[in-house]
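Source: prediction; values computed, not measured.
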Amino acid sequence: MNRRGVYRRGAAALAAAMLLVLAAGCGAEEKGSGESPRNPYGLTETVEEGAILHAWCWSFETITESMEDIAWAGFSAIQTSPINACVAGGGGGMQLNGEGKWYYHYQPTDWTIGNYQLGTKEAFTAMCEAAHRYGIKVIVDVVPNHTTPDLDSVSESLISAAGGREKLYHANGFNEIVQWDDRLECTTGQMGGLPDVNTENPAFQDYFIAYLNECIDCGADGFRYDTAKHIGLPDDPKDPSAEENNFWQRVTGEIDERIFNYGEVLQGDGERIEAYQEAIGGTTASAFGAAVREALASGRLSAGELESLRIDVENPTAVTWVESHDNYCNDGTAVSLTEDQVIQGWAVVCARGSGTPLFFDRPYGASASNMWGSMNRIGAAGSPFFRDERVAAVNRFRNAMVGESERLFNADEEETVLLIGRGERGLVLVNAGRYSYNLHTPVDLADGTYTDRAGSGMTYTVSGGVLTGSILAGGVAVLYEDGYLEIPDLPETGLETESFILSGGAAEAVLRLEGAESGSYSVDGGEAVPFQDGDRVTVESGEEGAVTITLRAKGAGGETVRSWVFTVQGPRNVDAGTAIHFQRPEDWGETIYAYVYDESTGAVKEAAPWPGAACTPEADGTWSYTFPESWENVLVIFTDGKNQVPGAMEPGMVVEPDKVYTAG
């Protein structure tokens, strides 16, 4: 990043010519026609050949306004979060974690398009149309395995279509999986409290296939099947009511088009990954991702250990990653990696010919101490590191190297520097060590002088088949000439603020502009106001739960549009000496704790680690907690260490002085 906190991008040459190409290449196209006519960004014709951006928790409108950024960065496909109707958990809040949760869109109430977190069916269709104008494919995350546990929220249309509630779920569908290697239990039991759908019910299959075809009609080019490992294969044991395990045969064979399909099959116990590869067409490669993260953490990139995708199938169709949304949210090994380390790992997985790489976009402003980021907002764009010039350089390298063989090898016995060669045309270098490394390494790259396309300014020479030059510690270098496209900069814009939380007041934001002829901002879609780099605006609290600031930057290379969301919440300040009370249920333990915390900005602040501070029993049968100091934006959870109010994975309650809280 440069000093202004925005990511620089490649050379600005040929900007005027590129504008003409863009104008010719962005006309409306029929779905499935592939790339734009001129394809100025060099995107691949198929999902498999290119790279996928996981626009995690981005709304359809956010993806649409970011489409040129995505194409510029060299991503040939995007993957959405689930677009199905879903439970409005956490009071319908829109925080990734806190008042609202990212995982509620993984709790379907119906298989229809559109939900409160991502947007409407119309907005999804418009997003797909915009994607196809740039030659970008759209992959939809679909969730056939389970519904929300809030059964009262499940659509009557879905229940009726399945033939009644008892036919919607497996006979074992409300019993938690214990033996993960027991295939009947694994494919018919509930996981994480989510009741298991009877995916072998032909009536449900008809309903779900109609949903898939509706997605395709709106513009979807592929599907990622969530928890695919928990849906039976043809030779798996069957639910008592099932005649055959034919879910995969039907959903891959009865959709309107043959498109890109892959299933989430996490490796561990009884995953049967070879059979899922055959049944679905492709799977995730979770064991390979874990190996990449371990290598990055150790600073040792062994070609021997990273060559295999760790799927015991010849030439598997595998979606690869450094991290996914699951292991980021649930696995400390992913969160502990810096963005620079993730980019190094991305160079490893994306430069290869094997696998189809998926780039998980972390939350905006995320860090090891604040994994949910400074904005912590569903619908907003995540970290701008998906368009870092190193990421873009590797993506463009991959796009240019389609069809070339791959070779992974190390520069030395210490294995800190990994090289990924693609035939004789290109080479990507990654240095995971703490020191710069001087290369004198035999390579297959054609003799010549090469400039690093990843922006370091370093030059490298290949003479007599030997590569010389230096790669910086933690560096990524991308070397190729054949197939290289000179792509101009888009203008840059950014916003700086101390907090994205508005608690009954206002926040000041500094607006940034770079490489642009003009810039304008609007508030909640209102009138556009011109601005210059460094101008300040005051963001006032509104009454709609959020305030959105949208910045537009226009320059010779085109237009950049980006938005930031400020969450509006009422004041939650508590004075020292404030007391709150809890009525202990009869079946709870003998000691009650108050877990007091604030997660509005930065790292979570807590009065005491979970389960919290012990409460005091009172004569009236309640338990009390008294705040020893003043707090801002405070929430509370009552627990006995096993039970809790609110329930697990729900946000805490707002503190009201002298209130008696109950479990009801």
Side-chain angles (χ1 to χ4, degrees), residues 30-32 46-48 52 54 60 63 77-86 105-115 118-129 131-132 136-148 154-155 157-163 168 196-234 244-265 276-284 317 319:
E30 293 183 6
K31 188 209 162 299
T46 69
V47 175
E48 293 93 331
I52 306 168
H54 187 184
F60 305 140
I63 296 173
I78 54 172
Q79 179 175 299
T80 71
S81 290
I83 69 175
N84 49 261
C86 63
H105 46 232
Y106 284 93
Q107 295 190 17
T109 58
D110 201 352
W111 278 278
T112 54
I113 299 174
N115 59 55
L118 303 185
T120 65
K121 177 181 177 180
E122 292 73 22
F124 174 73
T125 302
M127 182 203 78
C128 292
E129 291 173 351
H132 295 150
I136 295 173
K137 315 303 187 297
V138 177
I139 300 170
V140 174
D141 197 348
V142 294
V143 190
N145 179 63
H146 51 261
T147 69
T148 175
V154 176
S155 162
S157 298
L158 170 61
I159 293 171
S160 175
L168 178 59
D196 204 72
V197 167
N198 183 358
T199 45
E200 292 74 58
N201 175 355
F204 167 75
Q205 293 174 351
D206 291 341
Y207 194 81
F208 186 74
I209 291 169
Y211 168 69
L212 297 182
N213 283 326
E214 185 179 14
C215 292
I216 293 171
D217 289 343
C218 291
D221 302 286
F223 298 109
R224 176 234 187 223
Y225 289 89
D226 183 65
T227 57
K229 171 173 147 179
H230 300 282
I231 298 176
L233 292 160
E244 59 179 328
N245 283 338
N246 64 343
F247 176 84
W248 295 116
Q249 178 183 353
R250 290 202 63 195
V251 300
T252 59
E254 296 183 28
I255 54 179
D256 289 342
E257 300 180 32
R258 182 62 185 171
I259 56 179
F260 184 79
N261 288 317
Y262 80 101
E264 180 199 24
V265 183
Y276 279 108
Q277 283 264 325
E278 181 177 351
I280 304 172
T283 64
T284 53
T317 299
V319 171

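- Side-chain contact check for D226 versus P82: every heavy-atom pair is 4.5 Å or farther apart.
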Q: Please lay out, stage by stage, how Y262 and T317 fare under the test side chain to side chain contact (heavy atoms under 4.5 Å, CB included).
A: CA-CA 8 Å; Y262 80 101; T317 299; over 6 Å; no
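- Using a 4.5 Å heavy-atom threshold, the side chains of H132 and D221 count as touching.
- Y225 and F208 have tilted rings, their planes meeting at an angle from 30° to 60° on a 0 to 90° scale.
- Note that the OG1 atom of T199 and the CG atom of L168 stand 10.5 Å from one another [nearest 0.5 Å].
- If you take NE2 on H230 and CG on D196, they are separated by 8.5 Å, rounding to the nearest 0.5 Å.
- Between F247 and F204, the ring planes lie parallel to each other; the angle is under 30°, not in the 30° to 60° tilted range.
- Among all heavy-atom pairs drawn from S81 and L118, the shortest one is O-CD1, 3.6 Å.
- Across T284, N261, D141, a single residue satisfies side-chain hydrogen bond (donor to acceptor under 3.5 Å, both in side chains) together with R224, and that is D141.
- The two residues Q205 and E200 have their closest heavy-atom pair at NE2-CA, 3.6 Å.
- The shortest side-chain heavy-atom distance between V319 and F260 falls under the 4.5 Å cut-off.
- Residues T227 and E264 have side chains in contact (heavy-atom distance under 4.5 Å, counting atoms from C-beta outward).
- A heavy-atom distance below 4.5 Å is found between the side chains of C215 and I113.
- Between A228 and G263 the shortest heavy-atom distance is CB-CA, 3.8 Å.
- Rounding to the nearest 0.5 Å places CD1 of I231 at 9.5 Å from NE2 of H146.
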Q) Would Y106 and N145 count as a side-chain hydrogen bond (donor to acceptor under 3.5 Å, both in side chains) if you check the C-alpha gap in whole Å, the side-chain angles of each, and the deciding distance to 0.1 Å? A) CA-CA 10 Å; Y106 284 93; N145 179 63; over 6 Å; no
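- With T283 as reference, Q277 is the one residue of E278, Q277, K229 to meet the side-chain hydrogen bond (donor to acceptor under 3.5 Å, both in side chains) rule.
- Expressed to the nearest 0.5 Å, how far SG of C128 lies from CD1 of I78 amounts to 7.0 Å.
- Only one option out of N84, D110, V154, T109 pairs with T147 in a side chain to side chain contact (heavy atoms under 4.5 Å, CB included); it is V154.
- Partner of F223 under the side chain to side chain contact (heavy atoms under 4.5 Å, CB included) criterion, out of I280, I139, I216, V251: I216 alone.
- Residues C86 and N115 approach most closely at SG-CB, 3.7 Å, considering heavy atoms.
- In this structure, OG1 on T252 lies 8.5 Å from CH2 on W248, to the nearest 0.5 angstrom.
- Taking the side chain as every heavy atom from C-beta outward, V142 and Y211 approach each other to under 4.5 Å.
- Between Q249 and P234 the shortest side-chain heavy-atom distance does not fall below 4.5 Å.
- Rounding to the nearest 0.5 angstrom, the gap separating the CD1 atom in I83 from the CZ atom in F124 is 4.0 Å.
- The nearest pair of heavy atoms linking Q79 to H54 is O-CD2, 3.5 Å.
- Residue P144 comes nearest to W111 through the heavy atom pair CA-CZ2, 4.0 Å, listed as atom of the first residue, atom of the second, then distance.
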